[in-house]
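Heavy atoms only: backbone and side chains are in, while hydrogens, waters and symmetry mates are out.
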Amino acid sequence: MYDPTRLAALVAVAETGSITRAAAHLGYTAPALSQQLAKLEREAGATLLVRHHRGARLTAAGELLAGRARRVLDELDQARHELAQLAGLSGGRLRVGTFTTAGVHLLPPVLSAFRRAHPEVDLAVTEYEPPGGIAAVTEGEVDLALTHTYEPAVADPPPPGVTVEPLLVEELLLATAVGHRLSEGTGRLPVAELAGRPLISSAPAHPPRRGVESALAAAGAAPAVVCESPGYALVCALVSAGLGVAVVPEMVASLSPTPLAVRRLEPADFRRTISVVHRGDRATAAAATLLALLRSGYGRAAAR
């Protein structure tokens, strides 16, 4: 009998190609995840992955087990959803916290599916700029919340009794005005190429971004405009108008209402992780149902 936690670890390595990235996605340290994978190999009686200088790859045995594991984990997610339904959601209220990007682009289809299945549950959505959603769940203001963290940065551990569960990880891309010289070419742009370039900066009013801003400053990117808005719409508009370049999440760039050109950066260490904050086993039936929908909609599929 395989432990689902270890199966999830193997699937995460298969999808990210790296023990370090898989650990970040699952909320573990890399050594802790390596221990889980070693135990899984002992359970399987086979070598499941090979480490190399750029990450890790699955062996034939690992690919076989990962394929089966995905089905098992999907079935467990579905079971959680159905059990929550059996608990009875004939009324009550579900309070959800979110930040702007997730509230606009990720949450609506999931809430729509929830409403179709449980029309008698009252929904309330409140916006919190991260990490405010974590405090809102801790203090009981909402039942669960979507939040985010950035890399490079050091994330604070969650309060006792609160779980911060990664849903998807996205790269941060260089966004420029259409036709900008830095957008030319198909390869990754070395971050050092940003030295001396005018940067549309989200600091200091955006605490989660401070680690990214510091790394960009260390590479020589010179802040030209400090954007005090926590939302990215204004940042993208300023970039589109040619006032500077910016480093923004992939989702933000692809859904910008103003025209942008984008390019991936090297090294690919600039990332944003979107997570759901909940109370684990103490979650209400309504919160557990929405959590299952979020997992099935964005968890492993978005990582792939």
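The residues Arg70 and Glu15 are annotated as salt-bridged, a charged nitrogen and a carboxylate oxygen being separated by less than 4.0 angstrom.
Put simply, the side chain of Arg282 gets close to the backbone of Gly161: a donor and an acceptor are under 3.5 Å apart. With hydrogens and angles disregarded, no donor-acceptor distance shorter than 3.5 Å links the side chain of Arg95 to the backbone of Ala124. With hydrogens and angles disregarded, a donor-acceptor distance shorter than 3.5 Å links the side chain of Thr289 to the backbone of Ala285. With Arg279 contributing its side chain and Ala287 its backbone, the two residues share no donor-acceptor pair below 3.5 Å. Checking side-chain atoms of His278 against main-chain N and O of Gly280 turns up a donor-acceptor pair under 3.5 Å. For Glu127 (side chain) and Thr98 (main-chain N/O), no donor-acceptor pair under 3.5 Å exists by modelled atom type. Side-chain N or O atoms of Thr273 include none that pairs as donor or acceptor with a backbone N or O of Val169 at under 3.5 Å.
When all heavy atoms of Val239 and Ala177 are compared, the closest pair comes out as O-CB, 3.5 Å. Of all heavy-atom pairs spanning Val121 and Leu94, the tightest one is CG1-N, 3.9 Å. Across Leu33 and Ile19, no two heavy atoms sit closer than the pair CD2-O, 3.6 Å. In terms of heavy atoms, Ala175 sits closest to Leu260 at CB-CD1, 4.2 Å. Shown here for Val11 and Ala66, the closest heavy-atom pair between the two residues is CG2-O, 3.9 Å. What you find for Leu10 and Leu48 is that their closest heavy atoms are CD1-CB, 4.3 Å.
In this structure, Thr176 OG1 and Ile200 CD1 are separated by 11.5 Å, a value rounded to the nearest 0.5 Å. Note that CD1 of Ile134 is 11.0 Å distant from OG1 of Thr163, once rounded to the nearest 0.5 Å. Residue Leu65 holds its CG atom at 11.0 Å from CG of Leu49, rounded to the nearest 0.5 Å. The distance from atom OG of Ser254 to atom CD of Glu170, rounded to the nearest 0.5 Å, is 8.0 Å. The CG atom of Leu291 sits 5.5 Å away from atom CD of Glu165, with the distance rounded to the nearest 0.5 Å. Note that the CG atom of Leu290 and the CZ atom of Phe114 stand 6.5 Å from one another [nearest 0.5 Å].
Glu171 pairs in a salt bridge (charged side-chain N to carboxylate O under 4.0 Å, His left out) with only one of the listed residues (Arg264, Arg271, Arg263, Arg21), which is Arg264.
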ask   = Checking side chain to side chain contact (heavy atoms under 4.5 Å, CB included) for the pair Arg51/Ser34: CA distance, chi angles, key distance, verdict?
value = CA-CA 11 Å; Arg51 294 165 176 81; Ser34 293; 4.0 Å; yes
Candidate pair Leu106 and Leu168, rule side chain to side chain contact (heavy atoms under 4.5 Å, CB included), full reasoning = CA-CA 11 Å; Leu106 298 183; Leu168 67 92; 4.1 Å; yes
message = Pair Leu167, Leu294 - check side chain to side chain contact (heavy atoms under 4.5 Å, CB included), show working.
response = CA-CA 8 Å; Leu167 285 177; Leu294 286 165; 4.2 Å; yes
inquiry  = Show, in sequence, the C-alpha distance, side-chain angles and deciding distance for Val262 and Leu174, and conclude whether the side chain to side chain contact (heavy atoms under 4.5 Å, CB included) test is met.
reply    = CA-CA 5 Å; Val262 298; Leu174 177 69; over 6 Å; no
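Considering only heavy atoms from C-beta on, Val212 comes within 4.5 Å of Pro152 through its side chain. Side-chain contact check for Leu172 versus Glu250: every heavy-atom pair is 4.5 Å or farther apart. Here the side chains of Arg272 and Thr101 are in contact, with some heavy-atom distance below 4.5 Å. Side-chain contact between Val225 and Leu199 is absent, with no heavy-atom pair separated by less than 4.5 Å. You'll find the side chain of Leu37 reaches within 4.5 Å of the side chain of Val13, heavy atoms only. Counting heavy atoms from C-beta on, the side chains of Arg115 and Leu123 come closer than 4.5 Å. Contact check for Cys236 versus Val252: side-chain heavy atoms found under the 4.5 Å cut-off. Proximity of Leu182 to Arg197: side-chain heavy atoms (C-beta onward) are separated by under 4.5 Å at one or more points.
Val125 and Leu293 fall within the same hydrophobic cluster, defined by Ile, Leu, Val, Met, Phe, Trp and Tyr side-chain heavy atoms under 4.5 Å apart, directly or through other members. Cluster membership check: Val110 shares its hydrophobic cluster with Leu255, using side-chain heavy-atom separations under 4.5 Å among Ile, Leu, Val, Met, Phe, Trp and Tyr. No continuous path of ILVMFWY side-chain contacts below 4.5 Å connects Val276 to Val142, so the two sit in separate hydrophobic clusters. Linking Ile, Leu, Val, Met, Phe, Trp and Tyr whenever their side-chain heavy atoms come within less than 4.5 Å leaves Val96 and Tyr128 in two separate clusters. Linking Ile, Leu, Val, Met, Phe, Trp and Tyr whenever their side-chain heavy atoms come within less than 4.5 Å leaves Leu189 and Leu173 in two separate clusters.
Taking the six-membered ring where tryptophan is involved, the planes of His148 and Tyr150 are perpendicular, since the angle between them exceeds 60° and thus also 30°.
A donor-acceptor contact under 3.5 angstrom links the side chains of Ser256 and Thr258, judged on distance only. Neither side chain, Arg210 nor Ser214, offers a donor N or O lying under 3.5 Å from an acceptor on the other.
In the displayed structure, Arg93 atom CZ is contacted under 6.0 Å by at most 12 heavy atoms of other residues, nucleotides or ligands.
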